[in-house]
Amino acid sequence: MDIRTDIPLKSYTTMKLGGPARFMGEAQTPQDIATIYHNARPKNLPIFILGGGSNLIVRDEGYPGIVVRNLIKGFTVIEDTPQYTTFEIGAGENWDETVKRTVELHLTGIEALSAIPGTVGAAPVQNIGAYGQEVADSLISLQAYDSQEDRFVVLQNIDCGFSYRHSIFRGEAEGRYVITSVQLKLWKANPTPPFYKALEEYFALYSITLFTPEAIRDAVIQIRKDKLPDPTLQPNTGSFFKNAIIEKWQLEDLKPTYEDIPFYDLGNGTYKIPTGWLIERAGLKGKLLHGMRVHDKNCLVLINEAATGYSDLAAARDEIIATVRDTFRIMIEQEPLEIQ
Ligand SMILES: Cc1cc2nc3c(=O)[nH]c(=O)nc-3n(C[C@H](O)[C@H](O)[C@H](O)COP(=O)(O)OP(=O)(O)OC[C@H]3O[C@@H](n4cnc5c(N)ncnc54)[C@H](O)[C@@H]3O)c2cc1C
């Protein structure tokens, strides 16, 4: 296997920031992953698994070990019944291509996750979600290399600890598992209303009444085009902040001052507040902070317009977090992971 040295990681991330990887390798098969770990262990080299780099921030010092690009392919039908089809999909497959293929088969389950950049293997890591769907809703199980036990394992959905933009892979088991494939179960049916508000509005605007997976995918792609900057033209990682989850007493405390505060009842005594709204109402919409632009159509997105390095991004992030905290007494959190 070809291992290259001193590779600039900014070319491999959509934020286009940060220093080099000391080594970089490419895994075409699950066995390649195990081999890289076996070779790195005696040299004490740390390993980082890279997908499409669309949810990743690289610091200026880069990475002192081996960055492994996951290029494991595969798209196989495991079970096909009159009600559903189950697939095994290689972790290195492009996520949106996968959604496209399943929508073309008229299957429902992941169509609202259209146009999310990145790989299939990274999708469970932060339990990608959009427009009312999450990958956890369709994921049966996944196969991974367990670097702690040096063996391949199958983790069932329940083992992955999925919650909002979270799983064990970015929590207690961060860095332990390399996902090599996922199994998805998708249904032979049309999705049924109610849909996410932006989708309902889109369907009403274009008088769409037949809600097929294709119709949802088309709508999501159009809505996203209007709202999200294209990372190939304006470097960004999509939502840079997670939506805020607050307690009932915090919401009640804010309502008298902010009568129009939007919130979604999560049903367990907590409420989700759109962080984009918080950032906008804190007066930061469209602002350029340390070379990072708060997107004027979607304040959750930070665009790298002229940042000279990670420190500029960190300064902009910290200023936004502090401004939101001082305005609403809510602590917001960064969504993309940092390679370290
Ligand atoms: C314009 C834009 C829009 C976006 N919209 C959304 C959205 O609507 N919803 C959403 O949830 N996200 C969104 N994202 C974030 C991002 O696309 C997703 O998080 C995606 O799943 C990241 O995939 P990736 O392959 O680029 O992962 P990377 O950025 O390469 O990696 C992310 C993390 O996953 C780990 N990882 C990657 N592959 C594996 C593997 N095989 N095994 C174990 N760990 C792995 C990495 O080590 C890293 O910690 C958006 C990003 C952009 C740029």
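Computed from a prediction, not measured in an experiment: that's the story for all the values here. Residue numbers run from 1 in the order of the sequence given.
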**Message:** In the structure I gave you, are the side-chain heavy atoms of Phe75 and Thr102 within less than 4.5 Å of one another anywhere?
**Reply:** yes
**Fill in**
What one should report as the nearest heavy-atom pair of Val324 and Ile330 is CG1-O, 3.7 Å
**Asked** Would you call Lys188 and Leu105 a side-chain contact if the rule is heavy atoms closer than 4.5 Å?
**Response** no
**Prompt:** Side chains of Asn236 and Thr14: closer than 4.5 Å at any heavy-atom pair?
**Reply:** no
**Request:** Please determine if Asp32 and Arg69 form a salt bridge, counting it only when a charged side-chain N lies under 4.0 Å from a carboxylate O.
**Result:** no
**With sequence neighbours excluded, residues passing side chain to side chain donor-acceptor pair (under 3.5 Å) with Glu200** = none
**Item:** Note, Pro124 side chain near Ile179 side chain (heavy atom, < 4.5 Å)
**Value:** yes
**Item:** Exercise: identify the closest heavy-atom pair between Tyr63 and Val67
**Value:** CD2-CG2, 3.6 Å
**Request:** Apply salt bridge (Lys or Arg N to Asp or Glu O under 4.0 Å) to Arg217 and list each qualifying residue two or more places apart in sequence or on a separate chain.
**Result:** Asp96
**Asked** Taking all non-hydrogen atoms of both residues, which atom of Pro30 and which atom of Thr180 are closest, and how far apart?
**Response** CB-CG2, 3.9 Å
**Request:** May I ask you to test the Leu113-Trp95 pair for a side-chain heavy-atom distance under 4.5 Å?
**Result:** yes
**Message:** Would you say NZ of Lys225 has more than 12 non-hydrogen atoms from neighbouring residues, nucleotides or ligands within 6.0 angstrom?
**Reply:** no
**Request:** Indicate yes or no for a side-chain donor-acceptor contact from Asp2 to the backbone of Arg4 under 3.5 Å, with no hydrogens or angles considered.
**Result:** no
**Asked** In terms of heavy-atom contacts, does CD of Glu252 have more than 12 from other residues, nucleotides or ligands at under 6.0 Å?
**Response** yes
**Message:** Using a 3.5 Å distance criterion without hydrogens, assess whether the side chain of Asp326 forms a donor-acceptor pair with backbone atoms of Thr323.
**Reply:** no
**Prompt:** Just wondering, do Leu300 and Trp277 contact through their side chains at under 4.5 Å, heavy atoms?
**Reply:** no
**Request:** Before accepting this row, confirm whether a basic side-chain N of the pair Glu201/Lys197 lies closer than 4.0 Å to the acidic partner's carboxylate O.
**Result:** yes
**Request:** Give, for atom CG of Leu56 and atom CG of Leu17, the distance between the pair rounded to the nearest 0.5 Å.
**Result:** 11.0 Å
**Request:** Give a yes or no on this: more than 12 heavy atoms of other residues, nucleotides or ligands lie within 6.0 Å of atom OH of Tyr164.
**Result:** yes
**Prompt:** Would a 4.5 Å heavy-atom cut-off, applied to side chains only, mark Ser54 and Thr13 as touching?
**Reply:** no
Donor-acceptor pairs under 3.5 Å, side chain of residues 85-92 to any protein atom, not counting sequence neighbours: which ones?
unit_1	atom_1	unit_2	atom_2	d
Thr85	OG1	Asp80	OD1	2.8
Glu88	OE1	Gln183	NE2	3.4
Glu88	OE2	Ser181	OG	2.6

**Request:** List the steps, then state whether ring pair (Phe, Tyr, Trp, His ring centres under 6.0 Å) holds for Phe211 with Phe195.
**Result:** CA-CA 10 Å; Phe211 306 121; Phe195 298 112; 5.0 Å; yes
**Request:** Output yes when a side-chain donor or acceptor of Lys285 lies under 3.5 Å from a complementary backbone atom of Arg281, and no otherwise.
**Result:** no
**Side-chain heavy-atom pair Arg22, Thr5 within 4.5 angstrom cut-off** = no
**Asked** So, does Thr270 use its side chain to make a donor-acceptor pair with the main chain of Leu266 at under 3.5 Å?
**Response** no
**Asked** Side chains of Asn190 and His106: is there a donor and an acceptor less than 3.5 Å apart?
**Response** no
**Message:** Taking Gly161's backbone N and O only, do any of them form a donor-acceptor pair with Ser167's side chain (distance below 3.5 Å, no angle check)?
**Reply:** no
**Asked** Do the side chain of Asp312 and the main chain of Gly291 share a donor and acceptor less than 3.5 angstrom apart?
**Response** no
**Asked** Under the side-chain hydrogen bond (donor to acceptor under 3.5 Å, both in side chains) criterion, do Tyr310 and Glu61 qualify, and how do the steps go?
**Response** CA-CA 9 Å; Tyr310 173 81; Glu61 57 271 31; over 6 Å; no
**Message:** Please give me the minimum heavy-atom distance between Ala130 and Ile116, naming the atom from each residue.
**Reply:** CB-CD1, 4.2 Å
**Request:** Could you tell me whether Lys272 and Asp265 make a salt bridge, using a distance below 4.0 angstrom between a side-chain N and a carboxylate O?
**Result:** no
**Message:** For the backbone of Ala136 and the side chain of Asn157, can you confirm whether one donor and one acceptor N or O come within less than 3.5 Å of each other?
**Reply:** yes
**Prompt:** Should we count CG of Leu233 as having more than 12 external heavy atoms under 6.0 Å?
**Reply:** yes
**Request:** With side-chain contact (heavy atoms from CB on, under 4.5 Å) as the test, would you mind laying out the steps for Tyr202 and Val220 before giving the verdict?
**Result:** CA-CA 9 Å; Tyr202 184 93; Val220 167; over 6 Å; no
**Prompt:** Near Lys248 NZ, under 6.0 Å, is it more than 12 heavy atoms from other residues, nucleotides or ligands?
**Reply:** no
**Message:** Check Arg101 with Glu97, please: is the shortest side-chain N to carboxylate O separation under 4.0 Å?
**Reply:** no
**Contact summary for Ile66 and Ala40, nearest pair of heavy atoms** = CD1-CB, 3.9 Å
**Prompt:** Short question: side chain of Ser239, backbone of Phe241 - any donor-acceptor pair under 3.5 Å?
**Reply:** no
**Prompt:** What's the verdict on side-chain contact (heavy atoms from CB on, under 4.5 Å) for His166 and Asn127, showing C-alpha distance, side-chain angles and the deciding distance?
**Reply:** CA-CA 6 Å; His166 195 73; Asn127 182 19; over 6 Å; no
**Prompt:** Under the salt bridge (Lys or Arg N to Asp or Glu O under 4.0 Å) criterion, do Asp146 and Arg176 qualify, and how do the steps go?
**Reply:** CA-CA 6 Å; Asp146 179 348; Arg176 173 170 174 179; 2.8 Å; yes
**Asked** Looking only at side chains, do Gln234 and His295 share a donor and an acceptor under 3.5 Å apart?
**Response** no
**Request:** Verify salt bridge (Lys or Arg N to Asp or Glu O under 4.0 Å) between Arg293 and Glu305, making sure each step is shown before the conclusion.
**Result:** CA-CA 6 Å; Arg293 175 82 65 191; Glu305 245 177 52; 2.9 Å; yes
**Asked** After noting the C-alpha distance and the side-chain angles of Val68 and Leu50, does the key distance pass the side-chain contact (heavy atoms from CB on, under 4.5 Å) rule?
**Response** CA-CA 6 Å; Val68 180; Leu50 179 69; over 6 Å; no
**Asked** Hey, is Arg317 close enough to Glu338 for a salt bridge, meaning N to O under 4.0 Å?
**Response** yes
**Request:** Check the pair Lys100, Glu104 against salt bridge (Lys or Arg N to Asp or Glu O under 4.0 Å), reporting the backbone distance first and the verdict last.
**Result:** CA-CA 6 Å; Lys100 184 166 176 263; Glu104 280 168 1; 3.6 Å; yes
**Request:** For Gln133 and Ala112, indicate whether the former's side chain and the latter's backbone hold a donor-acceptor pair under 3.5 Å.
**Result:** yes
**Message:** Quick check on the hydrophobic clustering: are Phe203 and Leu205 connected, directly or via other members, by side-chain heavy-atom contacts under 4.5 Å?
**Reply:** yes
**Request:** Check the angle between the aromatic planes of Tyr271 and Phe263 and answer parallel, tilted or perpendicular using the 30° and 60° thresholds.
**Result:** perpendicular
**Request:** Report the C-alpha distance between Leu155 and Val153 in whole Å, list the side-chain angles of each, state the deciding distance to 0.1 Å, and finish with yes or no for side-chain contact (heavy atoms from CB on, under 4.5 Å).
**Result:** CA-CA 6 Å; Leu155 300 181; Val153 292; 4.3 Å; yes
**Prompt:** Any link between Ile47 and Phe152 through a network of hydrophobic side chains (Ile, Leu, Val, Met, Phe, Trp, Tyr) touching at under 4.5 Å?
**Reply:** yes
**Message:** For Thr237 versus Pro336, what's the shortest heavy-atom pair and its separation?
**Reply:** OG1-CG, 3.6 Å
**Centroid separation Tyr177 to Tyr145 less than 6.0 Å** = no
**Asked** Hey, are Glu111 and Ser114 close enough side-chain-wise for a donor-acceptor pair under 3.5 Å?
**Response** no
**Message:** With a 6.0 Å cut-off (strictly less than), is the heavy-atom count around NZ of Lys10, excluding the residue itself, greater than 12?
**Reply:** no
